[in-house]
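Below you'll find the structure, written out as structure tokens, and then a few comments.
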Amino acid sequence: MTAAPKSGAPKPPRVCFSLGVTGHRIDNAAYAANQARVLTVLREIFDAIDAVVAGEPILLGPAGATPTRLHSLLADGVDQQASNEALARGWEIVAPLPFGRDLNIAVSAKPETPAEARILIAGGSEGLSAETLARAERIRVLGTPERVFALADQDEVVAALYLAKLDKPDDARAADAFAAHTSERVGLAARVMIEQSDLLIGVWDGASQAFVGGTGHTIAVALRLGAPVLWIDAKAPERWRLLSTIESLAAVEAGEVDGADRMAALAALVREALRPAGEGETAEADVHAGARSLDAEAWRPRSDPLWHAYRRVEALFGGDGSPLRNLRQTYESPEAVATGSGAAVLAAMRALPGADPKLTGKVETDVLRRFVWADGVSARLSDAYRGGMIANFLFSALAIVSGVAYMPFGTGKEGAFFAPVEIAFLGAILGVTWLGQRGRWHGRWFETRRVAEYFRHSPILIALGVARAPGRWPKGAGTSWPEWYARYGLREVGLPRISMSRAYLRLALEHLLDDHVVRQRDYHEAKARRLTNVHRNLDSVSERLFVLAAVSVAASLLVTEGAAASIIPEAVVQAASKWFTMLDVLLPTFGGAVAGVRYFGDFERFAAISEVTAKKLDSVHGRIALLLAAPDAAIDYGLVADLAHAADDIVVSEIENWQAVFGSKNITVPA
């Protein structure tokens with residue numbers, strides 16, 4: 001029989017420093033007066049970023065780095081100035097646009113007449129003035145289809161408002177309606193840019209944060225999301241500074257910042273984004289150790305029954321299915337995911353109207369393969385760690401009972417058998433503990449499980465262009481490489497190159513997001529019921545064992561009193577006392593072991609976490625159902641993105657709660 005081919009670990013993610021840029025248009029007085037100075041400062045900052053990226057060690061191999069990525073809305077002024085500079089450096093340009101590509105060109109090119117606007121909306125060029133054509137071409141060249149993620153779901157409405165404003169230039173209501181819709185769309189595109197960037201560069205005169213979608217507002221949103229901002233004062237570009245909190249905006253007029261300090265702070269920020277934690281060797285060791293736990297593991301296609309103790313406890317006391325059923329798991333290999341568990345998701349992504357043809361391939365290799373690898377490794381480590389601890393509790397009870405089990409058998413050869421048995425159980429405890437601590441079962445399980453959960457639901461986020469802003473990623477307990485690994489794994493895929501329509505949003509909402517939310521809700525509901533049963537049944541068994549222990553002690557006393565009253569023969573008492581002594585040890589010992597298993601497993605708290613998670617997911621499902629029941633005109637990217645963020649927040653919250661329960665329970669002797 002031919003052996004199955006060995007499963008290979010997915011390639012590690014490639015590191016890509018990403019930044020976004022926002023700034024004034026060319027008609028802003030401060031920027032127009034200092035355009036050349038702004039460009040000089042931008043070049044100095046880009047030089048500094050290039051120097052840090054080039055000087056960083058390649059943490060995950062020689063193919064581990066990619067060109068720096070710049071996100072820009074491509075508006076005339078700072079956006080285009082920064083984009084052209086980035087192109088000259090060989091950086092990648094990605095354009096999250098607030099409208100479809102043609103409408104975006106029509107709005108941004110500032111056509112001189114309504115007729116020109118209609119030509120641009122239709123994707124044409126003939127009949128435009130030289131000035132309008134030049135402005136349109138600058139955007140068209142930068143915003144090629146392979147660079148664009150366009151929020152085109154409201155194009156019909158926005159185009160009508162735009163033309164109404166142009167047709168009636170004196171109608172203030174028409175102008176206000178267009179401005180309101182435009183600001184909202186630009187704000188959504190800016191949020192996408194912020195979520196995809198490690199750093200936001202903002203060229204701003206410091207005048208106002210109130211205009212939604214404006215530079216000041218975008219900077220404020222970035223800071224609220226925890227994204228660092230490099231603010232270049234449009235009035236005095238050389239006075240740029242780094243901002244890290246929304247409160248820092250209150251001090252934008254603070255005194256001069258030392259240039260060397262600023263450059264050092266910028267370099268540290270870039271290094272921090274490129275590394276999983278801290279500086280120097282600590283970070284490099286962290287990511288290498290973490291990556292090894294994924295791609296240097298010997299792949300085992302099936303679980304080992306030797307380590308099934310924890311899952312056997314769930315089967316015995318959970319009340320769902322046969323308690324003696326076969327618990328052996330078969331782990332899906334990365335090579336099989338496209339035709340296995342990931343087939344439905346990939347098919348749904350391919351079926352989205354106007355879908356990026358390259359996206360499903362990237363999701364399969366860069367997301368799903370990494371998910372199933374991390375999931376399989378984590379499941380095996382979970383069995384070893386949790387099964388090992390359950391075994392230790394059982395071995396501890398058996399060792400104690402072995403120490404007194406000789407009593408009913410006297411002191412002859414039969415009794416001598418139990419001493420080596422006790423030593424064997426004690427040795428097993430020490431052996432499991434040594435193996436678990438030496439192999440870091442607990443830590444590696446935590447780390448790989450975090451990686452798996454981040455990747456599990458990410459295809460839905462990727463298809464919608466939704467991401468977790470850098471400042472919103474959880475902080476790991478002791479290690480940060482799982483978050484770093486997942487963030488760069490998703491960053492490698494990046495934004496889909498699409499023009500997002502209402503039909504796209506509806507199908508993604510129904511067949512990707514809602515399907516995932518419902519499956520996860522049902523999983524957590526079943527898990528909560530099962531773990532609640534485990535907790536109650538273990539409690540009941542432990543209590544009954546202690547009750548039986550009390551009964552045994554009472555019976556022993558009664559027998560002794562009977563002998564004293566000459567009711568029971570002395571010989572019977574002597575024979576019975578040995579069994580009573582063993583029962584007096586055995587019953588509370590196993591009762592304590594069962595209670596220890598219940599305490600270690602924390603089934604009640606895990607059930608509560610899953611119950612809360614299920615309720616939150618059900619709430620999101622209800623919101624999705626309401627939106628799906630609405631007419632197509634009500635489908636809006638902002639609403640769908642909010643639902644995707646809500647589901648993502650629930651997942652991350654569940655991970656954090658789970659870590660809080662098991663974080664301190666390292667494998668140890670059951671003392």
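Quick note: residue numbers are just sequence positions, from 1.
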Does [X] reach the main-chain N or O of [Y] with its side chain, forming a donor-acceptor pair under 3.5 Å?
X	Y	answer
Ser341	Val337	no
Ser303	Gln329	yes
Ser248	Thr245	yes
Asp375	Phe371	no
Ser396	Asn392	no
Asp356	Pro496	no
Tyr637	Met500	no

Within the structure provided, determine whether [X] and [Y] are in side-chain contact (heavy-atom separation under 4.5 Å).
X	Y	value
Leu346	Leu368	yes
Arg380	Arg300	yes
Ile650	Val620	yes
Lys616	Arg521	no
Phe603	Phe317	no
Thr66	Val15	no
Phe455	Leu490	yes
Arg370	Pro13	yes

Using a strict threshold of under 4.0 Å (side-chain N to carboxylate O), is an ion pair present between [Y] and [X]?
X	Y	result
Glu314	Arg311	no
Arg623	Asp642	no
Arg241	Asp261	no
Glu611	Lys615	yes
Arg440	Glu447	yes
Asp320	Arg529	no
Asp198	Arg491	yes

Where is the tightest heavy-atom contact between [X] and [Y], given as atom of each residue plus distance?
X	Y	value
Pro228	Leu269	CB-CD1, 3.5 Å
Leu266	Leu199	CD1-CD2, 4.0 Å
Ser197	His71	OG-ND1, 3.4 Å
Tyr488	Arg14	CD2-O, 4.1 Å
Val367	Ser458	CG1-OG, 3.1 Å
Ala391	Ala309	N-CB, 4.4 Å

Once you round to the nearest 0.5 Å, how far does [atom1] of [X] lie from [atom2] of [Y]?
X	Y	atom1	atom2	result
Leu512	Leu352	CG	CG	5.5 Å
Arg450	Trp481	CZ	CH2	8.0 Å
Leu359	Ile462	CG	CD1	7.0 Å
Ile609	Ile655	CD1	CD1	12.0 Å

Salt bridge (charged side-chain N to carboxylate O under 4.0 Å, His left out) between Arg468 and Asp649, intermediate numbers included: CA-CA 9 Å; Arg468 178 163 286 271; Asp649 288 340; 2.6 Å; yes
side-chain contact (heavy atoms from CB on, under 4.5 Å) between Phe46 and Leu19, intermediate numbers included: CA-CA 10 Å; Phe46 287 3; Leu19 63 152; 4.0 Å; yes
Please walk me through it: do Ile45 and Leu230 pass side-chain contact (heavy atoms from CB on, under 4.5 Å)? CA-CA 9 Å; Ile45 292 167; Leu230 191 153; 3.4 Å; yes
Step-by-step side-chain contact (heavy atoms from CB on, under 4.5 Å) determination, Val313 to Ile390: CA-CA 9 Å; Val313 168; Ile390 299 299; 4.0 Å; yes
Can you confirm whether the side chains of [X] and [Y] place a donor and an acceptor under 3.5 Å from each other?
X	Y	value
Ser18	Gln196	no
Arg386	Ser382	yes
Arg449	Ser378	yes
Asp50	Thr68	no
Glu195	His645	yes

May I have the step-by-step check of side-chain contact (heavy atoms from CB on, under 4.5 Å) for Leu200 and Met193, ending in yes or no? CA-CA 9 Å; Leu200 178 70; Met193 174 178 66; 3.8 Å; yes
Ring centres under 6.0 Å, that's the criterion: do Trp445 and Trp658 meet it? yes
Other residues, nucleotides, ligands: >12 heavy atoms within 6.0 Å of Arg438 CZ: no
Using a cut-off of 6.0 Å, state whether more than 12 heavy atoms not belonging to Glu656 lie near its atom CD.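 Counting other residues, nucleotides and ligands, CD of Glu656 exceeds 12 neighbours.
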With respect to Trp473, which candidate in Tyr454, Tyr485, Trp484 satisfies the ring pair (Phe, Tyr, Trp, His ring centres under 6.0 Å) definition? Tyr454
